[in-house]
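Notes for the one structure printed next.
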Amino acid sequence: MSPTTDAADTTPHRAPQALTDADERRRHREEARLIRTREAAARKDTAAKDGQWASGDRTPLNPNEEFKSTGDPLEVRHRIETMYSKWGFWSIPPSDLRGRFRWWGLYTQRRPGIDGGRTAILEPHQLDDEYFMLRVRSDGGQLSVAQAREIAAISQEFGRDTADVSDRQNIQLHWIRVEDVPEIFRRIEAVGLFTTEACGDVPRVILGSPVAGVAKDELIDPTPQIRAIIDRGIGNPEFSNLPRKFKSAITGTRIPDIVHEVQDVAFVAVEHPELGVGYDLWVGGGLSINPQLGVRLGAFVEPDKVADVWAGVIGIFRDHGYRRLRTRARLKFLVKAWGAEKFREVLENDYLGWKLPDGPGPEVGRPGDRGDHVGIHEQKDGRYYVGAAPIAGRISGAKLAAIADIAEAAGSDRIRLTPLQKVLILDVPEDKVNDVVNGLRALELEAQPGEFARNVMACTGIEYCKLAIVETKATAREVVTRLDQAFPTLDAPITVHVNGCPNSCARIQVADIGFKGQLVLDDETGEQVPGFQVHLGGRLGRGEDNDFGRKIRAHKVKADGMPDYVERVTRNYLETRTDGEQFADWAFRVDEELIK
């Protein structure tokens, strides 16, 4: 494939020692100025427009749209393999480094030693380390033993033994050098995995029920539909230039287990009284700074039409999505502007060419329905699956290899990752269940964890992420260690989600207690220190009772005081709750003093 180049792409970085920080800042500002100047005339008459392709306006209205307009970003793989991997990190121009590389699962990671107070101040090149985070797609969270072993080997050989389970059901590696990327691609793809469009303005990894094909309460196995979507859309230039990222999810379980309410598009299994089992269609969910719950279109999708409907929804996003401002470039803004009725009408008339039948909505979860699949569960074939909880998704290459060994020793070839950062081993014979549980326990992966270990989630945080303001993984571990000791017999789940910045990768607005990383004022020293804004009482899976968490005006928690805060609020909950009252309901009911 021939590389596509633009003005920025023909000038590689010089080695860092050749330029001072001031020189680098001037160079990057000049590059940005040239882009603005070149497009100024074209933008002059588009100030009131949103850059929707369907309106006939394809003028690139921001730098991201600029670099995408010069050619398919997927073509950067050719340059990675033939140029950058041979010439090194400093040969990569900015539009590839911080743009097109994402289309192959690569983000530059944060340079060590930069505190959160400098995150929004420094130029991008000052935050960049000479290493990458690499996201490996595992759509539906599905891994074989061989695939898990290969990722583990790559982690140990190229990634300093890092491996995190993300809430998108995949593994993220760190410390990856561009020189090693072609070999990593080769090895990943040799076992049937890939990194294509794991990041970028593209259809990201598809969430799927981690117990697809084995759950006793399953209405339908969605695996064929996941495969049909991959075949139809992933790596397809038709969908490789979207306004921003696009998140898909599909489940066949009776009670949804894919957090469908916060996805761009979701297919949730239902049983139609006349047409049989199929899917209920949801669109327009998303969190981040402007959270919005997805809406039901009231449309029933037959299994063999899922890929067509998915292509229709993503096509609407591609053509009608807002491309001018990145902050408004998600599907949720279009859905909010149009409403469900118009969205369905455009989907049917302009993209499908046929009407979708009306259908029922999914069942609503009951108190006690978890959806995380942690524990020991009988499958519909009489075997068992065992779900364990890594603390905030943190494992390692060595642990992943050990998980593969445990699965193989039990006669299983199926490992699953969940949207809640958990790990499952499927197809375990009854006489091997204890071996699996004990083997996972030796890795600090508990199938019978304390409530806080079971219910904590955390994003990557300041350790590696250039957007982060505070540390997350170690903070989550401290909360788990302390709180499970303080409340060893806690009889109600309390979810704690920790995010390093306002973007909500850890879904803070829908947690019982969600922490949004930011700088806060230390009352004693008068200085800004790492801390969190708190969200309380978020809930999903409750139908019309879904809601985002409650915020207390001007209330912040310092990072080193976060475990104290969780313990205090938990004690207040246990002392003042009514019979059977869930934490989320309590948090919205009580006076502010009990949740400060």
Heavy-atom check, side chain of Leu347 versus side chain of Leu352, under 4.5 Å: yes
Asn349 versus Lys355, side-chain donor and acceptor atoms under 3.5 Å: yes
Whether Gln126 side chain and Glu123 backbone form a donor-acceptor pair below 3.5 Å: yes
Under a plain distance cut-off of 3.5 Å, with no hydrogens placed, do Ser248 and Trp310 share a side-chain donor-acceptor pair? yes
Smallest heavy-atom separation, Val265 atom then Leu281 atom, equals CG2-CD1, 3.8 Å
Atom NZ of Lys336: over 12 foreign heavy atoms under 6.0 Å: no
Quiz question: by atom type and distance under 3.5 Å, do the side chains of Tyr464 and Asp129 form a donor-acceptor pair? no
Establish, from distance only, whether the side-chain atoms of Ser95 and Arg100 form a donor-acceptor pair under 3.5 Å. yes
Which heavy atom of Ala476 sits nearest to which heavy atom of Ala458, and what is that distance? CB-CB, 4.1 Å
Hey, are Lys516 and Gln533 close enough side-chain-wise for a donor-acceptor pair under 3.5 Å? yes
Can you confirm whether the side chains of Ser504 and Gln509 place a donor and an acceptor under 3.5 Å from each other? yes
Under a 3.5 Å cutoff, is there a donor and acceptor pairing between the side chains of Asp57 and Ser55? no
Please tell me if the side chains of Ile188 and Leu134 come closer than 4.5 Å, counting only heavy atoms from C-beta onward. yes
Give me the atom names and distance for the closest heavy-atom approach of Pro256 to His260. CB-ND1, 3.4 Å
Under the salt bridge (charged side-chain N to carboxylate O under 4.0 Å, His left out) criterion, do Lys247 and Asp264 qualify, and how do the steps go? CA-CA 5 Å; Lys247 296 182 176 181; Asp264 290 288; over 6 Å; no
Is the ring centre of His320 less than 6.0 Å from the ring centre of Trp338? yes
Between Ala269 and Thr253, which heavy-atom pair has the shortest distance, and what is it? CB-O, 4.0 Å
Just wondering, do Val277 and Val270 contact through their side chains at under 4.5 Å, heavy atoms? no
Taking all atoms of both residues into account, what is the closest heavy-atom pair of Phe267 and Val306, and its distance? CZ-O, 3.9 Å
Would you say the side chain of Ile316 lies within less than 4.5 Å of the side chain of Leu334, judging by non-hydrogen atoms? yes
Would you tell me whether Gln225 and Tyr279 have side-chain atoms, one donor and one acceptor, within less than 3.5 Å of each other? yes
Looking just at side-chain N and O atoms, do Asp96 and Tyr84 make a donor-acceptor pair shorter than 3.5 Å? yes
Is the NZ or CZ atom of Arg539 positioned over Phe588's six-membered ring, under 6.0 angstrom from the centre and within 45° of the axis? yes
Is there a donor-acceptor pair under 3.5 Å between the side chain of Ser85 and the backbone N or O of Pro182? no
Using 0.5 Å steps for rounding, measure from the SG atom of Cys459 to the CD atom of Gln421. 9.0 Å
Salt bridge Arg394-Asp164, side-chain N to carboxylate O under 4.0 Å: yes
Closest contact, heavy atoms only, Asp358 versus His272: O-NE2, 3.0 Å
Exactly one of Arg318, Lys68, Arg323, Arg102 clears side-chain hydrogen bond (donor to acceptor under 3.5 Å, both in side chains) with Asp201, and that residue is Lys68
Any chance the rings of Phe101 and Tyr107 have centres within less than 6.0 Å? no
Does any non-hydrogen side-chain atom of Pro210 lie less than 4.5 Å from one of His373? yes
Could you tell me whether the side chains of Asn455 and Thr495 share a donor-acceptor contact shorter than 3.5 Å? no
Verify the distance criterion only: is there a donor paired with an acceptor across the side chains of Ser138 and Arg416 at less than 3.5 Å? no
